[in-house]
There are 2 protein chains.
Amino acid sequence: MRKPREEMIAETRAKLIAAGRQAFGTVGYAAASMDDFTAGAGLTRGALYHHFGDKKGLLQAVIQQIDAEMTLRLNRISAAAPNRWQGFVAECVAYIEMALEPEIQRIMFRDGPAVLGDVSQWPTSNGCIAALSRSIEQLKADGVMGDIDTEAAARLINGASSHAALWIAKSDDPEETSRRAVRGFRTLLEGLRVKG
Amino acid sequence: MRKPREEMIAETRAKLIAAGRQAFGTVGYAAASMDDFTAGAGLTRGALYHHFGDKKGLLQAVIQQIDAEMTLRLNRISAAAPNRWQGFVAECVAYIEMALEPEIQRIMFRDGPAVLGDVSQWPTSNGCIAALSRSIEQLKADGVMGDIDTEAAARLINGASSHAALWIAKSDDPEETSRRAVRGFRTLLEGLRVKG
DNA sequence: ATAATTACATACGCGGCGTATGTTGAAGAG
DNA sequence: CTCTTCAACATACGCCGCGTATGTAATTAT
């Protein structure tokens, strides 16, 4: 073997991130015992502190990983749409629906902001905001969307989406609530569209 | 004195809520030591557990108090506007600006949801959502706002507002960012208005 | 070959939380 | 008026989790 060393290290890091992600996503950040989930990965807290500095550092790494996955999914969805506007709407709807997944919801929309502050401000993990901004910029260039500050629009839409997801997830009838939220959201977006 | 007993009890409760509110609003919920801030109020953790059950119970009481204050402020603002639509917009803008206040931001938009789950779902502290919903309902009845699910609209707007506030608060130039956010927000609301 | 650094594990102390157990003073019964 | 009872707290104790300091084995550098 050429580089067993670096591979082992990368593997250790990956194990810790996976273990933390699992724990944070289920019991939540505060209730996740470092002793417990590192032991579950066959390691100790020593490894965690060595690689990530502290508990927050691991959370940051987990968020970065999830954000990358979300960004990839969003890009694929918008690319698959027949035109830019529909791609944009699909992207937003997908964002709401992703926020329904318990792991994403808990880590990205709850504990993340609470522990690290506004996550979208972190330069390492603003992939989703950036993806939304790109879509909006293109729509404005195409004349499909009216005059609105790009970043402001991206953040307002981001906020509406994540809150909508929380609303859906906590409701008694998530399916029905999801339909209501998505319909309202489409109406909201339609208001930004230039009428032809 | 007629009822010194109940007054003392209410005073104790008020002291605990005030102390917790101060601590939660500055150092945050997780870092707030119950021993410390109860001692600051001349009490002990025993009083806290007696009245509120646990730390989360106190947070809930604090949130309820703040929510009542916010609701009152929002109602006054919308009532002071020349017409319903302007009152509604002013209400939304005020909501953004309230979310700029550190105490409100920290407790209502960060630690609250992280610890208790979606706060707007709590029957005791959904005053702001209810206020928004009432305004929207009236606008729809007046024919000023188009067809959109009332609660969905309220929650989407609520989410956009709170996220906008986070964005503003964390930015390098809050004044400028605030202007951008409010402008974008007005554009967003304008899209929901029935054109005449 | 030895020195130095990396990648972890182990050990220790501290602080915070929850509970179990007092203690005091006020309300109600006789 | 006295005794009982219960509410409104304070005190005491133990557990758990975090952070750090230290130890150790393996790899790399010289």
Side-chain angles (χ1 to χ4, degrees), chain A residues 1-63 106-107 111-112 114-116, chain B residues 1-63 106-107 111-112 114-116:
Chain A
M1 305 175 227
R2 286 289 304 277
K3 288 183 175 181
R5 190 80 198 289
E6 296 184 6
E7 284 176 15
M8 289 300 292
I9 294 170
E11 193 176 334
T12 296
R13 277 184 60 97
K15 273 186 198 169
L16 288 171
I17 291 177
R21 179 171 175 168
Q22 157 69 19
F24 296 158
T26 50
V27 300
Y29 177 83
S33 162
M34 299 165 72
D35 280 322
D36 287 355
F37 67 75
T38 53
L43 296 163
T44 67
R45 276 195 356 257
L48 195 157
Y49 277 97
H50 178 71
H51 284 291
F52 301 101
D54 60 352
K55 200 180 181 184
K56 289 163 71 172
L58 177 63
L59 176 62
Q60 193 178 332
V62 169
I63 286 178
R106 180 97 216 192
I107 298 177
D111 294 346
V115 175
L116 301 176
Chain B
M1 306 175 226
R2 287 288 306 275
K3 288 183 175 179
R5 189 80 199 288
E6 296 184 6
E7 284 176 14
M8 289 299 292
I9 294 170
E11 193 176 335
T12 296
R13 276 184 59 98
K15 274 186 197 169
L16 287 171
I17 291 176
R21 179 171 173 168
Q22 158 69 20
F24 297 160
T26 50
V27 301
Y29 177 82
S33 163
M34 299 166 72
D35 280 322
D36 287 356
F37 69 75
T38 53
L43 295 163
T44 68
R45 272 188 8 248
L48 195 155
Y49 278 97
H50 180 70
H51 284 289
F52 302 100
D54 59 353
K55 200 181 182 184
K56 290 163 71 172
L58 178 62
L59 176 62
Q60 193 179 331
V62 169
I63 285 178
R106 180 98 215 194
I107 298 176
D111 294 346
V115 175
L116 301 177

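The basis for the numbers below is simple: all heavy atoms, side chains too, and nothing from hydrogens, waters or symmetry mates. Chain letters run A, B, ... following the sequence lines, proteins first, then strands; residues in each count from 1. Remember, predicted model here, so these are calculated numbers, not experimental data.
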Name every donor-acceptor pair, under 3.5 Å, that has one atom in a side chain of residues 47-57 of chain A and the other anywhere in the protein, sequence neighbours excluded.
residue, atom, partner, partner atom, Å
A/Asp54, OD1, A/Gly57, N, 3.0
A/Lys55, NZ, A/Tyr29, O, 3.0
A/Lys55, NZ, A/Ala32, O, 3.0

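- Minimum heavy-atom separation, A/Arg45 to A/Asp35: NH1-OD1, 2.9 Å.
- The interatomic distance linking A/Leu58 (CG) with D/dC18 (P) rounds to 11 Å, in whole Å.
- Regarding contacts with the backbone of D/dT20, every side-chain N or O of A/Tyr49 stays at 4.0 angstrom or more from both OP1 and OP2.
- Closest heavy-atom contact between A/Ile107 and A/Ile63: CG2-CG1, 3.8 Å.
- Contacts of A/Ala30 with the nucleic acid, taken as non-hydrogen atoms under 4.0 Å apart, are absent.
- Nearest heavy atom pair, residue A/Gly112 against residue A/Leu59, reads CA-CD2, 4.4 Å.
- For the pair B/Lys55 NZ and C/dT19 P, the computed distance is 15 Å after rounding to whole Å.
- Both A/Gly53 and A/Ala31 sit near DNA chain D, but only A/Ala31 has its closest nucleotide nearer the 5' end.
- Computed from coordinates, the B/Asp35 CG to D/dC13 P distance equals 15 Å when rounded to whole Å.
- In the set D/dC18, C/dC17, C/dG16, C/dG16 carries the atom at the smallest distance from any side-chain atom of B/Asp36.
- Going from atom CZ of B/Phe52 over to atom C1' of C/dG18 covers 17 Å, rounded to whole Å.
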Check: Reading nucleotides 3-12 of chain C 5' to 3', which nucleotides get B (base under 4.0 Å from a protein heavy atom), which S (sugar-phosphate only), which -?
Finding: ---BBBBBB-
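- The shortest side-chain heavy-atom distance between A/Met34 and A/Phe37 falls under the 4.5 Å cut-off.
- Across B/Leu43 and B/Lys15, no two heavy atoms sit closer than the pair CD1-CB, 4.4 Å.
- Rounded to the nearest 0.5 angstrom, A/Ile9 CD1 and A/Glu11 CD are separated by 11.0 Å.
- Between the CG atom of A/Asp54 and the C1' atom of D/dG19 there is a distance of 9 Å, rounded to whole Å.
- Looking at heavy-atom distances under 4.0 Å, A/Ala39 makes no contact with the nucleic acid at all.
- Within residues 21-29 of chain B, no residue is approached by DNA chain D to less than 4.0 Å at the level of any non-hydrogen atom.
- For the pair B/Glu7 CD and D/dA8 P, the interatomic distance rounds to 14 Å; values are reported in whole Å.
- Here the straight-line distance linking atom CD of B/Glu7 with atom OG1 of B/Thr12 works out to 11.5 Å at 0.5 Å rounding.
- Between A/Ala61 and A/Ile17, the closest heavy-atom pair is CB-CD1, 4.0 Å.
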